[in-house]
Amino acid sequence: MERIEGLLDHVGLNPGYINRYPHELSGAEKQRLNLARALAFNPPFIIFDDPFSMVDMSVQAKFLNIIEEDQTKLGLTYVMISHDLSLIQHASNRVAVLYLGVIVELGGRSEIFQKPLHPYTKVLLSAIPVPDPVTEKKRRRIIIEGDAPSQIYPPSGCRFRTKCPFAGIICAEEKPELREITPGHLVACHMV
């Protein structure tokens, strides 16, 4: 019981929540409870799938602080799957960008966010809102037209080729291999 109370306290929940039912918890409390449950097993790593989809910014900040503290104190590794790129930029050391289930770019946070190489990564980063209205007005978003290809029957060669403004003949014929462009920065694109 002491361990459970300690875990609840660690994730910012009142230890009195032990006897609560799921319908008595908010979305943010459920997320924290899930983290406490995962930590109870002393895992070497934890996988999060969109961990902040149900929480506001203040709760998100507290959650990130817990994660960062656990990385240092417990030596934990987190794999975070998310569409929230500003969150990934803040919380990750290494980033993998996927398109239709395939890694198209992999690298350190600074490489991905400051020197993106794959056209899809550039599209994603151009969509991140900028809090400064003046800067937001001046920046150039990259917009791709049309629907995404089928995940069941993806295009031949490069999966992004039907949306890519740089696609060439080779992109339709050969699947690009993930290759190292600079130390630790890999990209799957024939045109890079």
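Counting from 1, the numbers follow the sequence of the chain as shown.
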* Same cluster or not: are Ile66 and Ile4 linked, directly or through other Ile, Leu, Val, Met, Phe, Trp or Tyr residues, by side-chain heavy atoms under 4.5 angstrom apart? -> yes
* Would Ile112 and Val97 count as a side-chain contact (heavy atoms from CB on, under 4.5 Å) if you check the C-alpha gap in whole Å, the side-chain angles of each, and the deciding distance to 0.1 Å? -> CA-CA 9 Å; Ile112 298 296; Val97 177; 4.2 Å; yes
* Looking at residues at least two apart in the chain, or sitting in another chain, which of them share a salt bridge (Lys or Arg N to Asp or Glu O under 4.0 Å) with Arg109? -> none
* Structure fact -> Interatomic distance, CZ@Arg20 vs NZ@Lys30, rounded to 0.5 Å, equals 12.5 Å
* To do: State the NE2-CD1 distance between His190 and Ile169, to the nearest 0.5 angstrom.
  => 12.0 Å
* **Expected output: side-chain Gln31 to main-chain Leu35 donor-acceptor under 3.5 Å** => no
* **Hphob cluster co-occupancy, Met1 + Leu39, side-chain heavy atoms under 4.5 angstrom** => yes
* Asked: What distance do Glu5 atom CD and Ile18 atom CD1 have between them, rounded to the nearest 0.5 Å?
  -> 4.5 Å
* To do: For side-chain contact (heavy atoms from CB on, under 4.5 Å), just list the numbers for Leu8 and Leu33, CA-CA rounded to whole Å, side-chain angles, deciding distance to a tenth of an Å, and then say yes or no.
  => CA-CA 7 Å; Leu8 289 174; Leu33 181 61; 3.8 Å; yes
* Asked: Taking NZ, NE, NH1 and NH2 as the nitrogens, is one of them in Glu111 or Lys115 under 4.0 Å from a carboxylate oxygen of the other?
  -> no
* Asked: Does any N or O in the side chain of His185 come within less than 3.5 Å of the main-chain N or O of Leu106, such that one atom is a donor and the other an acceptor?
  -> no
* Asked: If we only count heavy atoms from C-beta on, is the Cys158 to Glu174 side-chain gap below 4.5 Å?
  -> no
Could you list the donor-acceptor pairs under 3.5 angstrom formed by side chains in residues 120-127, with sequence neighbours left out?
unit_1: Thr121; atom_1: OG1; unit_2: Glu105; atom_2: OE1; d: 2.7
unit_1: Ser126; atom_1: OG; unit_2: Val123; atom_2: O; d: 2.9
unit_1: Ser126; atom_1: OG; unit_2: Ile142; atom_2: N; d: 2.9

* Asked: So if you build clusters from Ile, Leu, Val, Met, Phe, Trp, Tyr with side-chain heavy-atom gaps below 4.5 Å, do Ile103 and Leu186 land together?
  -> yes
* Under a single-linkage definition using a 4.5 Å side-chain heavy-atom cutoff for Ile, Leu, Val, Met, Phe, Trp and Tyr, are Leu85 and Ile67 assigned to the same hydrophobic cluster? -> yes
* Taking the side chain as every heavy atom from C-beta outward, state whether Ile81 and Ile47 have any atom pair closer than 4.5 Å. => yes
* Asked: For Asp147, does the CG atom have more than 12 heavy-atom neighbours from other residues, nucleotides or ligands under 6.0 Å away?
  -> no
* Asked: Do the ring planes of Phe160 and Tyr99 sit parallel (below 30°), tilted (30 to 60°) or perpendicular (above 60°)?
  -> perpendicular
* Are Phe113 and Val95 side-chain neighbours, meaning at least one heavy-atom pair lies under 4.5 Å? -> yes
* Polar contact flag, side-chain donor to acceptor under 3.5 angstrom, Tyr78-Gln71 -> no
* No-hydrogen, no-angle side-chain donor-acceptor test under 3.5 Å, Asp84 and Ser86 -> yes
* **Non-hydrogen atoms of Pro15 and Asp9 that approach each other most closely** => CG-CB, 4.5 Å
* Do the non-hydrogen side-chain atoms of Cys164 and Cys171 ever get within less than 4.5 Å of each other? -> no
* To do: Check the hydrophobic clustering (I, L, V, M, F, W, Y; side-chain heavy atoms under 4.5 Å; chains of links allowed) and say if Leu87 and Ile46 are grouped together.
  => yes
* Taking all atoms of both residues into account, what is the closest heavy-atom pair of Pro155 and Leu100, and its distance? -> CD-CD1, 4.3 Å
* To do: Check whether any side-chain N or O of Ser26 sits under 3.5 Å from a backbone N or O of Glu29 as a donor-acceptor pair, and report yes or no.
  => yes
* For the student: nearest non-hydrogen atoms of Leu178 and Ala188, plus distance -> CD1-N, 3.7 Å
* Would you mind telling me which of Arg161, Glu173, Lys175 makes a side chain to side chain contact (heavy atoms under 4.5 Å, CB included) with Ser156? => Arg161
* **Main-chain N/O of His10 paired with Arg32 side-chain donor or acceptor, under 3.5 Å** => no
* Side-chain contact test, heavy atoms from C-beta onward, threshold under 4.5 Å: evaluate it for Leu76 versus Pro43 and give yes or no. => yes
* Set of side-chain contact (heavy atoms from CB on, under 4.5 Å) partners for Ile181, sequence neighbours left out -> Leu117, Arg179, Val187, Val192
* Residue pair Pro149 / Pro154, side-chain heavy-atom distance below 4.5 Å -> no
* Under 3.5 Å: donor-acceptor pair, side chain of Thr77, backbone of Phe45 -> no
* To do: Find the distance between CG (Leu74) and CD (Glu69) and round it off to the nearest 0.5 Å.
  => 8.0 Å
* **Residues, nucleotides or ligands: over 12 heavy atoms within 6.0 Å of Glu24 CD** => yes
* To do: Answer yes or no: are there more than 12 heavy-atom neighbours, outside Arg37 itself, under 6.0 Å from its atom CZ?
  => no
* Should Gln114 and Gln89 count as side-chain neighbours, where that means a heavy-atom distance under 4.5 Å? -> no
* Gap separating the CZ atom of Phe48 from the OG atom of Ser82, nearest 0.5 angstrom -> 11.5 Å
